[in-house]
Protein chains: 2
Amino acid sequence: MELPEAKQKFIEAWGKLGSEWGINRTMAQVHALLLVTPDALTTEDIMESLSISRGNANMTLRDLMSWGLVEKQHKAGERKEYFFADKNTWNIARQVAKERRKRELEPVLKILDELTKVQGDSKDPAYKTFNTSVTDINKMAKNVDKTLETMLKAEESWFWGSIFKMFK
Amino acid sequence: MELPEAKQKFIEAWGKLGSEWGINRTMAQVHALLLVTPDALTTEDIMESLSISRGNANMTLRDLMSWGLVEKQHKAGERKEYFFADKNTWNIARQVAKERRKRELEPVLKILDELTKVQGDSKDPAYKTFNTSVTDINKMAKNVDKTLETMLKAEESWFWGSIFKMFK
DNA sequence: ATAAACTTTCAATATATTTTGAAAGTTTAA
DNA sequence: TTAAACTTTCAAAATATATTGAAAGTTTAT
């Protein structure tokens with residue numbers, strides 16, 4: 001397989017994976033493109049590479065920046081804005097974990113905490129089932145939350161080292 | 001807050017979380033409903049509770065069964081089929097991890113393995129960047145894969161116990 | 001101030017996903 | 001058999017999500 005074909009496959013695979021995990025396909029593809037490209041690209045470059053419109057490219061790049069995955073670069077004496085992706089995989093994973101935790105996990109934890117407090121007749125099966133399920137899910141969500149917190153603070157080698165101690 | 005309102009909130013929250021993670025909202029809602037309901041429900045019950053059509057309820061229930069989250073129950077002397085969800089949160093997490101690993105992670109790992117093998121000029125920045133990114137992502141994906149494998153085999157208390165040793 | 005170079009916005013459009021519901025299919029009891 | 005009870009299917013419709021592209025906005029150089 002030649003490099004251009006390989007790049008294409010990578011971009012497609014990343015786009016598909018993204019869309020299966022609730023991330024806009026185009027956003028994942030732009031990210032993939034920047035990941036396999038050594039130099040920073042202009043909006044124009046990205047539009048052309050992926051055959052997308054200016055508006056789409058612009059919005060997607062802003063989104064990627066808000067996720068902390070892509071940064072702007074200014075080149076001396078140039079008007080155009082260049083974009084590049086952090087290529088450190090551990091940073092990417094941490095950044096995604098951080099954002100999804102904030103945007104999705106935390107709001108759910110807040111609701112679960114509330115629902116855990118709902119009072120009822122402990123003889124009532126409807127109440128018992130509700131309470132047990134919500135309480136258990138809340139516990140698990142808190143475990144996930146704490147693990148993510150640890151991951152966010154951790155160094156990559158330490159994190160996976162600790163994980164792999166589990167296999168022993 | 002009263003129980004019916006609390007149930008409603010839980011169903012909504014679960015549906016929203018699901019859709020943010022690439023799971024059909026209705027599917028997550030049906031699952032949530034079954035999680036907080038002590039007894040098995042008929043298609044009819046579910047249609048009514050969530051105001052969805054028969055076709056939708058039927059397809060969603062089949063989906064949930066294919067994910068291993070819901071089972072059919074036959075009641076003696078009755079024609080109707082009843083559905084109930086496994087309410088053990090750890091089982092649910094494992095089941096979801098198992099399916100997503102098989103359906104989404106494994107196909108991507110296969111592609112990454114291929115792309116890792118692509119040959120090129122190690123002096124070429126385009127090749128170097130491609131190769132480094134793909135190789136790094138492949139390593140991380142394999143780490144995730146192994147961790148999931150461990151999780152699938154593990155008992156809940158052992159798994160979280162091991163995770164929490166990481167905090168020490 | 002002007003205009004060229006570039007970026008952003010957003011209503012309209014296109015695409016993808018989900019849902020409906022009625023018809024077809026199946027199972028069971030008598 | 002027959003028919004009632006129940007389940008499944010799937011084309012059409014509804015809804016949700018993503019994309020376009022031209023106009024408006026901004027910045028910079030002269």
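Letters go in sequence order (proteins before strands), and every chain restarts at 1. What you see is a predicted model, and the numbers here were worked out from it, not measured in a lab.
Comparing B:Asn56 and B:Glu44 by the nucleotide of DNA chain D that holds the closest heavy atom to each, the one mapping nearer the 5' end is B:Glu44. Heavy-atom distances to DNA chain C give each of A:Met59 and A:Glu78 a nearest nucleotide, and the one nearer the 5′ end belongs to A:Glu78. Across the interface with DNA chain D, nearest-nucleotide mapping of B:Arg25 and A:Arg25 shows B:Arg25 to be the residue nearer the 5′ end.
Applying the 4.0 Å criterion to OP1 and OP2 of C:dC6, one finds that A:Asn58 has every side-chain N and O outside that range. Phosphate contact (OP1/OP2 of C:dC6, side-chain N/O of A:Thr43, threshold under 4.0 Å): absent. Residue B:Arg62 places at least one side-chain N or O under 4.0 Å from the OP1 or OP2 atom of D:dT9. Residue B:Arg79 places no side-chain N or O under 4.0 Å from the OP1 or OP2 atom of D:dT7.
Taking 4.0 Å as the cut-off between side-chain N and carboxylate O, B:Glu106 and B:Lys102 do not count as a salt-bridged pair. We find that A:Glu12 and A:Lys9 are not joined by a salt bridge, their nearest charged nitrogen and carboxylate oxygen being 4.0 Å or further apart.
Atom CD1 in A:Ile23 sits roughly 15 Å away from atom C1' in D:dA18 (whole-Å rounding). Residue B:Tyr82 contributes atom OH, which lies 14 Å from atom P of D:dA5 at whole-angstrom precision. Rounded to an integer number of Å, the gap from NZ of B:Lys75 to C1' of D:dA5 is 17 Å. Here the P atom of nucleotide D:dC6 and the NZ atom of B:Lys80 are 5 Å apart, to the nearest Å. One atom, CG of B:Leu50, and another, C1' of C:dT20, lie 15 Å apart when rounded to the nearest Å. In this structure, the CE atom of A:Met47 is 9 Å from the P atom of D:dG21, given to the nearest Å. Remark: P of D:dC6 and CZ of B:Phe83 are 13 Å apart, rounded to the nearest angstrom. Look at CD1 on B:Ile46: it is 15 Å from C1' on D:dC6, rounded to the nearest Å.
Here A:Thr42 lies out of heavy-atom contact (under 4.0 Å) with every strand. Residue contacts shown for A:Thr60 are absent, as no nucleic acid heavy atom lies under 4.0 Å away.
Contact of the A:Phe130 side chain with the A:Lys128 side chain is not registered, since no non-hydrogen atoms from C-beta on lie closer than 4.5 Å.
The neighbour count for A:Lys110 NZ, taken as heavy atoms of other residues, nucleotides or ligands under 6.0 Å away, does not exceed 12.
The listed nucleotides are C:dT20, C:dT18, D:dG21; the one nearest the side chain of B:Ser53 is C:dT20. Comparing atom distances between the A:Arg54 side chain and each of D:dT8, C:dT18, C:dT7 picks out C:dT7 as nearest.
Geometric assessment of B:Arg62 against the ring of B:Trp67 yields a negative cation-pi assignment under the 6.0 Å and 45° thresholds.
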